[in-house]
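No experiment lies behind these values; they were computed from the predicted model shown.
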Amino acid sequence: MNKPVPIEINHIQAEEQIRITWNDGHIWEYPQTYLRGYCPCAQCQGHGASDEKKFTPVKEAKLEEIRAIGNYAIEFRWADGHNTGIYTFDYLRSLCQCLQCEPSHAGST
């Protein structure tokens, strides 16, 4: 099977969530604070080649814009001016916390 890629991305402002529908039929709603906290940029995750994801709490994670980056990633532009994180499709899928995806996270943070 091909790698999962988003086919629909909806910003549900009233719930402060981003709903992603994947080409394999999977749907997950990511809280804005969760996505902002797991920003993949070097400033947030560090410059090393670690597989461990670090969560950085942010007081207010208001999403202003979602932008496609080629055919492999999404950029979120946050109200605090942060926009350097490139969320690859693989990275976004790895952040899913549903029961279906959870076994694939065994040993990861």
Residue Gln43 excluded, over 12 heavy atoms near CD under 6.0 Å: no
Closest non-hydrogen atom pair between Cys44 and Arg36, with its separation: SG-NH1, 4.0 Å
Can you give me the closest heavy-atom contact between Trp28 and Cys98, atom names plus distance? CZ3-CB, 3.3 Å
How would you list, by chain and number, every residue that makes a salt bridge (Lys or Arg N to Asp or Glu O under 4.0 Å) with Glu29, sequence neighbours excluded? Arg19
Taking it one step at a time, do Leu95 and Lys53 satisfy side chain to side chain contact (heavy atoms under 4.5 Å, CB included)? CA-CA 9 Å; Leu95 292 176; Lys53 297 175 188 82; 3.7 Å; yes
Going by side chain to side chain contact (heavy atoms under 4.5 Å, CB included), name the residues that satisfy it together with Phe55, two or more places apart in sequence or in a different chain. Tyr38, Pro57
Can you confirm whether Glu16 sits close enough to Thr33 that some side-chain heavy atom of one is under 4.5 Å from a side-chain heavy atom of the other? no
According to a hydrophobic-cluster definition based on side-chain heavy atoms being under 4.5 Å apart (Ile, Leu, Val, Met, Phe, Trp, Tyr only), do Ile69 and Phe76 belong together? no
Side chain Asn23, main chain Ile7, donor-acceptor under 3.5 Å: no
Cluster question for you: counting only ILVMFWY and a side-chain heavy-atom cut-off of under 4.5 Å, with indirect links fine, are Val5 and Tyr30 together? yes
Set of side chain to side chain contact (heavy atoms under 4.5 Å, CB included) partners for Thr56, sequence neighbours left out: none
If you measure from the Lys or Arg side-chain nitrogens to the Asp or Glu carboxylate oxygens, is any gap between Glu75 and Arg77 under 4.0 Å? yes
To the closest 0.5 Å, what do you measure between CG (Asp24) and NZ (Lys3)? 13.5 Å
Can you name the closest pair of heavy atoms from Ile74 and Phe89 and give their distance? CG1-CE2, 3.8 Å
One should read off an interatomic distance between Ile66 CD1 and Ile18 CD1, to the nearest 0.5 angstrom, of 5.5 Å
Can His11 and Gln32 be counted as having a side-chain donor-acceptor contact under 3.5 angstrom? yes
Give, for atom CD of Glu8 and atom CD1 of Ile27, the distance between the pair rounded to the nearest 0.5 Å. 8.0 Å
Measure from the side-chain N and O atoms of Gln45 to the backbone N and O of Lys54, and report whether any donor-acceptor pair falls under 3.5 Å. yes
Distance (rounded to the nearest 0.5 Å) between Arg93 CZ and His26 NE2: 4.5 Å
Linking I/L/V/M/F/W/Y whenever any side-chain heavy atoms sit under 4.5 Å apart, do Ile20 and Tyr34 land together? yes
Considering non-hydrogen atoms only, spot the tightest contact between Ala73 and Ile86 and give its length. CB-CG2, 3.4 Å
Between Leu92 and Trp22, does a side chain to side chain contact (heavy atoms under 4.5 Å, CB included) hold up when you go through it step by step? CA-CA 11 Å; Leu92 278 170; Trp22 299 85; 4.0 Å; yes
Side chain proximity check, Trp78 to Leu35, heavy atoms < 4.5 angstrom: yes
